[in-house]
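What you see is a predicted model; the values in this text were computed from it and never measured.
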Amino acid sequence: MRNHVRVAVAIAALILAEAAVSLFANDHSSRFDAADLFDLELATDPQISPDGGKIVYVRQFSDIMSDTKFSNLWIIDFDGSDHRPLTSGNYHDSSPRWSADGKQLIYISDRDDSPQIYKMWLSSGQDAKLTNLQNPPAGLAWSPDGKYISFTMLVPDSPYKLADLPTPPKGAEWAEPAKIIDKLTYRWDRVGYIKPGYTQLFVIPSEGGTPRQISSGDYYHGGFGFFGGEAVWTPDSKFLIMSANRKPDFEHDPLDSEVYEFALGDGSVRALTARKGPDNSPVVSPDGKWIVYTGFDDRYRGYQVTRLYVMNRDGSNSRVFT
């Protein structure tokens, strides 16, 4: 893990160094002002190939003409050589994930207007759009057998309505209707007002096709700000393990999440943890016998130390690992 962090830091340093050279090439002044932010680039989300030989990461940059941030995918050998782009253009390319054999990548891009899931063949650079989703996907994960891709997506719901309003006459210009909010948590920084509905867990065939919803209920499975996380696959590709807060009062007690098991076969869900406090970021061991996760016993304090836990795959024998 330390080596992986060093690689990520090295990549970030490389990108920042290139930006600094460009920034001060024609200006020997050492002053840094607000306009220079457009020249900075950032390396994020490094993903190491299964054989450990290459790293794909997201390279963020800004367009001064539109005052907009964009991102592309870049690849680099583990020793720092052969640094080159995989995608280009003023798009939002993100979330690269390797296939188990290291020959393909899946990622999210809005290069066809709305964010969709794409697949790229590394040998040829050819890519294909796998989805036609109505809402942006997130939390991509490739099943170990290479047959499925899991992701989360908002399933819209009808907003709360106090009464039926009259229909305006043709050509009339009426004011926008009032926004009625009946949620305790209704907006987040960098997101704005939360759209009516709940994020659910989906899978699609890795060759593309119709998404199949795995989770259900009025709960947020992943998504920004709800203390969930990305789903991870079990080695047999039959289950998805995910942290979520599926309690009836989750808005009033947002930290009380559990680690859940979702079965692909019948869509059944089972809680693997049960304690007062957050249980987050599960990872399944390569042999499928253990699950590690983070959390703490919530004592409603201003600051509480998060610890690493390990338990059997079935949720039994949970204990502090650190």
Is M120 close to I106 at the side-chain level, that is, under 4.5 Å between some pair of heavy atoms?
no

Given side chains that start at C-beta, do those of N90 and F61 come closer than 4.5 Å, heavy atoms only?
yes

Answer with yes or no whether the side chains of T152 and Y220 bring together a donor and an acceptor at under 3.5 Å.
no

So, are D93 and R111 salt-bridged, with charged N and O less than 4.0 Å apart?
yes

Rounded to the nearest 0.5 Å, what's the gap from CD1 on I214 to CG on L264? Could you check?
4.5 Å

Pair listing, ring-ring contact (aromatic ring centres under 6.0 Å, His included) test, anchored in residues 132-159, at least two apart
F151-F202

From CD1 (I241) to OG (S281), nearest 0.5 Å:
13.5 Å

Pick from L105, I55, L86: which one makes a side chain to side chain contact (heavy atoms under 4.5 Å, CB included) with I75?
L86

Can you confirm whether the side chains of N245 and S257 place a donor and an acceptor under 3.5 Å from each other?
no

Between the side chains of K147 and E207, is the shortest nitrogen-to-carboxylate-oxygen separation below 4.0 Å, so that they form an ion pair?
no

Applying salt bridge (Lys or Arg N to Asp or Glu O under 4.0 Å), run through D127 and K119 and close with a yes or a no.
CA-CA 5 Å; D127 59 8; K119 180 166 68 171; over 6 Å; no

Are T87 and S109 side-chain neighbours, meaning at least one heavy-atom pair lies under 4.5 Å?
no

Salt bridge between K276 and D298, side-chain N to carboxylate O under 4.0 Å?
no

Return the orientation label for the F250 and Y219 ring planes: parallel under 30°, perpendicular over 60°, tilted otherwise.
perpendicular

Tell me if the centroids of the rings in H221 and F262 come within less than 6.0 Å of each other.
yes

For Q116 and S114, test the side chains for any donor-to-acceptor distance below 3.5 angstrom and give the result as yes or no.
yes

With distance as the sole criterion, is a donor-acceptor pair present between the side chains of S215 and Q200 under 3.5 Å?
yes

Once rounded to the nearest 0.5 Å, what's the spacing between atom OH of Y118 and atom OG of S95?
14.0 Å

CG/D279 to OG1/T294 distance, rounded to the nearest 0.5 angstrom?
8.0 Å

Is a salt bridge present between R84 and D82, judged by a nitrogen-to-oxygen distance below 4.0 Å?
yes

In terms of side-chain geometry, is the basic nitrogen of D253 or K247 positioned less than 4.0 Å from the acidic oxygen of its partner?
no

Hey, mind stepping through H92 and Y107 against ring pair (Phe, Tyr, Trp, His ring centres under 6.0 Å) and telling me if it holds?
CA-CA 10 Å; H92 298 92; Y107 64 99; over 10 Å; no

Just by distance, with hydrogens left out, do S94 and D45 show a side-chain donor and acceptor under 3.5 Å apart?
no

To the closest 0.5 Å, what do you measure between CG (D145) and CG (D236)?
9.0 Å

Charged N-O contact under 4.0 Å between E261 and R313
yes

Is there a side-chain contact between I149 and V203 in this structure, where contact means two heavy atoms from C-beta onward sitting under 4.5 Å apart?
no

A quick test of your reading: do over 12 heavy atoms of other residues, nucleotides or ligands sit less than 6.0 Å from NZ of K103?
no

Side chain proximity check, Q304 to R299, heavy atoms < 4.5 angstrom:
yes

Look at E41 together with R59 and state whether they make a salt bridge at an N to O cut-off of under 4.0 Å.
yes

Indicate, with yes or no, if L201 and L154 share a hydrophobic cluster defined by side-chain heavy-atom contacts under 4.5 Å among Ile, Leu, Val, Met, Phe, Trp and Tyr.
no

Heavy-atom distance under 4.5 Å between the side chains of Q60 and T44, does that happen here?
yes

When you compare the side chain of F38 with that of D67, does any pair of heavy atoms fall below 4.5 Å?
yes

What about the rings of Y309 and F321, do their centers lie closer together than 6.0 Å?
no

To the nearest 0.5 Å, what is the distance between CZ on F296 and OG1 on T306?
5.0 Å

E230 with R97: basic N within carboxylate O range, under 4.0 Å:
yes

For V56, is there any backbone N or O sitting under 3.5 Å from a side-chain donor or acceptor partner on W74?
no

Do Y260 and L272 come close enough that some side-chain heavy atom pair is under 4.5 Å?
no

Within 45 degrees of the ring normal and closer than 6.0 Å to the centroid, is that where the cationic atom of K179 sits relative to Y193?
yes

